[in-house]
Amino acid sequence: DIQMTQSPSSLSASVGDRVTITCRASQSISSYLNWYQQKPGKAPKFLIYAASSLQSGVPSRFSGSGSGTDFTLTISSLQPEDFATYYCQHSYTTRTFGQGTKVEIK
Amino acid sequence: EVQLVQSGAEVKKPGESLKISCKGSGYRFSNYWIGWVRQMPGKGLEYMGIIYPDDSDTIYSPSFQGQVTISVDKSISTAYLQWSSLKASDTAMYYCARLNGVGASDAFDVWGQGTLVAVSS
């Protein structure tokens, strides 16, 4: 089974900061990598598919990159509504999620 | 509007059975896989499995194979997740989500609101 490892597990940042979250797969998954955002008490929200394609309606400050085993989610200028937990998920074989990265207010 | 609406919260005792539901609307329910995702208290998302409503083809995550049953009734656009004998460790929020083809792959693009299952003696 392919394992997904995110880093860091949590981070503190200020509004306006550039934030980068990393997701590593235990074996190559090509570009079969999605990103989700979850706010407390809410269902996850789909952000990015195929490693770098933005879902419709997602602000352009979000971007994704990577292929193979190493991927990143970048928020170019953190906004108050972006404080949340972010999950990567591969769709190469099953649909395993990473353990999540919590983005907190500094 | 594309929606998945899940059944309400449940409080059960260990050993009891349970079936929770997820009703789709606003799209052709039969033609999209539906998945189930567990989130234990304070923890991350865990993929449980998916089902294709048109023919009931079901794929379980190895971690959940034999622990739960995923089913569907396409005539009423509803997917189900069921347990025959609940354990305290089944206490969690359970989400259903639509699996949609995006690019050359797929992703869970629409999510239900979640069903909280609490199991306690």
Side-chain angles (χ1 to χ4, degrees), chain A residues 1-10 21 23 25 28-58 62 64 66-67 71 73 84-103, chain B residues 1-9 20 22-24 27 32-52 57-65 70 92-116:
Chain A
D1 223 18
I2 299 173
Q3 304 302 314
M4 308 300 293
T5 304
Q6 291 182 231
S7 61
S9 296
S10 66
I21 298 168
C23 177
S28 177
I29 57 169
S30 185
S31 295
Y32 294 104
L33 193 281
N34 306 317
W35 290 98
Y36 301 85
Q37 174 195 66
Q38 188 181 33
K39 296 181 179 179
K42 299 292 187 183
K45 175 186 174 184
F46 173 41
L47 294 179
I48 288 173
Y49 63 95
S52 61
S53 296
L54 235 56
Q55 170 70 341
S56 175
V58 174
F62 290 91
S67 66
F71 302 86
L73 171 70
T85 300
Y86 293 85
Y87 295 91
C88 63
Q89 178 219 21
H90 83 81
S91 55
Y92 188 70
T93 50
T94 62
R95 309 287 183 303
T96 310
F97 291 91
Q99 82 279 16
T101 296
K102 187 174 184 179
V103 177
Chain B
E1 181 193 4
V2 176
Q3 280 192 100
L4 295 172
V5 178
Q6 298 185 230
S7 50
I20 63 174
C22 168
K23 182 174 177 62
Y27 72 101
Y32 291 81
W33 293 82
I34 291 286
W36 288 95
V37 175
R38 183 176 78 176
Q39 188 166 40
M40 298 177 77
K43 302 299 183 182
L45 305 173
E46 298 175 90
Y47 165 73
M48 301 178 72
I50 52 174
I51 189 164
Y52 192 66
D57 186 19
T58 308
I59 303 171
Y60 292 94
S61 162
S63 300
F64 291 91
Q65 180 84 47
I70 296 171
M93 181 72 81
Y94 292 88
Y95 293 101
C96 64
R98 185 180 77 165
L99 191 66
N100 194 8
V102 283
S105 184
D106 55 50
F108 291 119
D109 69 337
V110 178
W111 292 69
Q113 82 278 18
T115 295
L116 182 62

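Please read all numbers here as calculations on a predicted model, not as lab measurements. Residue numbers start from 1 in every chain, and the chains themselves are labelled A, B, ... in the order their sequence lines are given, proteins ahead of strands.
Chain B forms the most heavy-atom pairs under 4.5 Å with one residue out of G100(A), P44(A), P40(A), and that residue is P44(A).
For L99(B), the part lying near chain A is the side chain, with the backbone staying farther off; criterion is any non-hydrogen pair under 4.5 Å. Residue contact with chain A, scored on non-hydrogen atoms closer than 4.5 Å, involves the side chain of V37(B) exclusively.
For the side-chain hydrogen bond (donor to acceptor under 3.5 Å, both in side chains) test, residues two or more places apart in sequence or in another chain that qualify with T115(B) are Q6(B). For F64(B), the ring-ring contact (aromatic ring centres under 6.0 Å, His included) test picks out no residue, with sequence neighbours left out. Legend: residues meeting side-chain hydrogen bond (donor to acceptor under 3.5 Å, both in side chains) with D109(B), ordered by chain and number and at least two apart, are R98(B), N100(B).
The two residues K43(B) and Y87(A) make their nearest non-hydrogen contact at O-OH, 3.8 Å. In this structure, A43(A) and G112(B) approach most closely via the heavy-atom pair CB-O, 3.3 Å.
Ring geometry for F108(B) against F97(A) counts as parallel: the plane angle stays under 30°, on a 0 to 90° scale with 60° as the upper cut.
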Requested in this report: Mind running side chain to side chain contact (heavy atoms under 4.5 Å, CB included) on D106(B) and S91(A) for me, showing each step along the way?
Outcome: CA-CA 7 Å; D106(B) 55 50; S91(A) 55; 3.4 Å; yes
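The local environment of OH in Y92(A) is sparse, with at most 12 non-hydrogen atoms from other residues, nucleotides or ligands closer than 6.0 Å. Annotation for K102(A): atom NZ does not count as buried by contact number, only 12 or fewer foreign heavy atoms lying within 6.0 Å.
With values rounded to the nearest 0.5 angstrom, R95(A) atom CZ is found 7.0 Å from S105(B) atom OG. Distance CG/L45(B) to CD/Q89(A): 9.0 Å, rounded to 0.5 Å. With rounding to the nearest 0.5 Å, the separation of CH2 in W111(B) from NZ in K42(A) is 15.5 Å.
Of all residues in residues 46-54 of chain A, those placing a non-hydrogen atom less than 4.5 angstrom from a non-hydrogen atom of chain B are F46(A), Y49(A).
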